[in-house]
Amino acid sequence: MAVRMRQFPEMNTSRLDPWLVRFDRVERFAHWMNALLFAILMLTALPLYFAQVEALVGRRLLIEEIHTWTGIFLPVPLLVSLAGSWGSGFRADVRRFNLWSKGELRWLRSFGRVSMIEMGKFNPGQKLNALFIGSSIVVMLGTGLILRWFNLFPLGWRTGATFVHDLLAFAIMVAVAGHVVQALMHKDALKSIFTGRISREWASAHAQKWLIEEKDRPELE
Amino acid sequence: MASEGESTGQAVPVGRRVFLAMAGLGAMGVIFGTKLQGALGAAIGTGLGGLLPGGNRFRIYTVTGSFPAILPADYRLSVSGLVNRPMTLTLDQLAAMPSVKLVKDFQCVTGWRVPQVHWEGVRLKDILDAAGVKGGAAAVEFDSYDGVDTESLTLSQASRPDVIVAYRMLGESISTPHGGPVRLYVAPMYGYKSLKWLSSVRLVENATPGFWEQNGYPVDAWVGNVNGRQDAPIS
């Protein structure tokens, strides 16, 4: 990274750059591909589950095939984005999702009422959302494969897989609705998933620890 | 990111724990979900359970763009093929035949099950006997009013006492989403055999596999035999 930064002649002024990179290109690609595939999965899930929607849409086999193959493809953009040299920013954020300070755990347990902690790049709610969606993909894919290739599994497992797949689908719909509402309520953060950047001002208000991390980056020394 | 951990002194790998917990719960749910579903289904039932996961709910399938709307007065069941007396039965004529009531599970091949569904209709065998099956017939093909869905049974399967042409289920006339006014109910087999909006019964020598069978589902769809379920085919 240090080598790459040296290419910029006005490096010293970059310290004064009012913008920080919150999501690089790879992360934005991963987010929007994931969002698109989830949208297809949730939309096709509606007729598969609700009789009222099935009455309007029908075409069971076609909808099943779209749903199944979208689900199978779902992890691909994420895995491609995480792999290779281009995925370093994304991998760093996944590590942020994984590791929590005691303060963040306290914040979560109090449902955000404990406000006296310094926030990292992501607040505990955002981290939990990312962890939940990421883990859901694995569980939904596993149970979905049992339902699609049912011949390979005992009937009891298929009933169990249906149960888990349906229950988790409801939880995912709630989480995604919450994610979208939160995004619409926080316009600056929302813009950053389109443009990739966010102001230092925002970071000093919402992500103080991240701002310090960014200042401490060796390439800025 | 070790630096982040060190700076706080006591970073907790919450992500790994969330992932392992969800994967573990998911696997447990697959293995023990049948029992859980049974208990939840009994608690939620079919009322509110019609919407919620875990309830004993039907999933409504249609392979065309809509549900065929058939007025009971316009309903006709054609019985044709290798029979001595081809027939066209109205709903009234079906209702005038000896009726049989069954209380049995509806089991989908993908796993969902609605326990103890009340069914009422005419034994398929009675209809076949009334039409007079010719010697060469060995199988029965079924068509749906939707124009796409089809099914088939061997003659001996079709002659079972728990295979009926149903005109009542769940304590009422069969609704349009459930395949009304008349559908097939093949109690010992997976749900896709119980063709909805039944329009035609045709005796043949060799049956063409039905719609779902052409898309990979087993032709012999015994609930007890295909995989897993250990109870007898006739519950």
Less than 4.5 Å to any heavy atom of chain A: does that hold for the side chain of [X], its backbone, both, or neither?
X	result
B:Pro13	both
B:Phe211	side chain
B:Arg59	side chain

Look at the side chain of [X] and the backbone N and O of [Y], then say whether any donor-acceptor pair between them is shorter than 3.5 Å.
X	Y	answer
A:Glu54	B:Thr62	yes
B:Thr34	A:Gly156	yes
A:Thr162	B:Thr110	yes
B:Arg16	A:Asn98	no

Does some side-chain heavy atom of [Y] sit less than 4.5 Å from a side-chain heavy atom of [X]?
X	Y	value
A:Leu155	B:Tyr190	yes
B:Leu36	A:Phe163	yes
B:Pro218	A:Phe150	yes
A:Leu105	B:Val14	yes

Enter the distance from [X]:[atom1] to [Y]:[atom2] here, rounded to the nearest 0.5 Å.
X	Y	atom1	atom2	value
B:Thr64	A:Arg60	OG1	CZ	12.5 Å
B:Trp212	A:Leu61	CH2	CG	5.0 Å
A:Arg59	B:Ser66	CZ	OG	8.0 Å
A:Thr159	B:Trp112	OG1	CH2	11.0 Å
A:Arg158	B:Gln107	CZ	CD	8.0 Å

Choice from [options] maximising heavy atom contacts with chain B below 4.5 Å:
options	result
A:Val139, A:Leu56, A:Ile63	A:Val139
A:Arg148, A:Glu64, A:Gln52	A:Glu64
A:Trp157, A:Phe132, A:Phe97	A:Trp157

- Part of A:Val57 within contact of chain B (heavy atom distance under 4.5 Å): backbone

- Please report the closest heavy-atom contact between A:Ala51 and B:Phe67, naming both atoms and the distance. O-CZ, 4.1 Å

- Message: Using side chain to side chain contact (heavy atoms under 4.5 Å, CB included), reason through B:Val12 and A:Leu99 one step at a time and then give a plain yes or no.
- Response: CA-CA 5 Å; B:Val12 186; A:Leu99 293 175; over 6 Å; no

- Message: Under a 4.5 Å cutoff for heavy-atom pairs, which residue among B:Lys35, B:Gln37, B:Met22, B:Met28 has the most contacts with chain A?
- Response: B:Met22

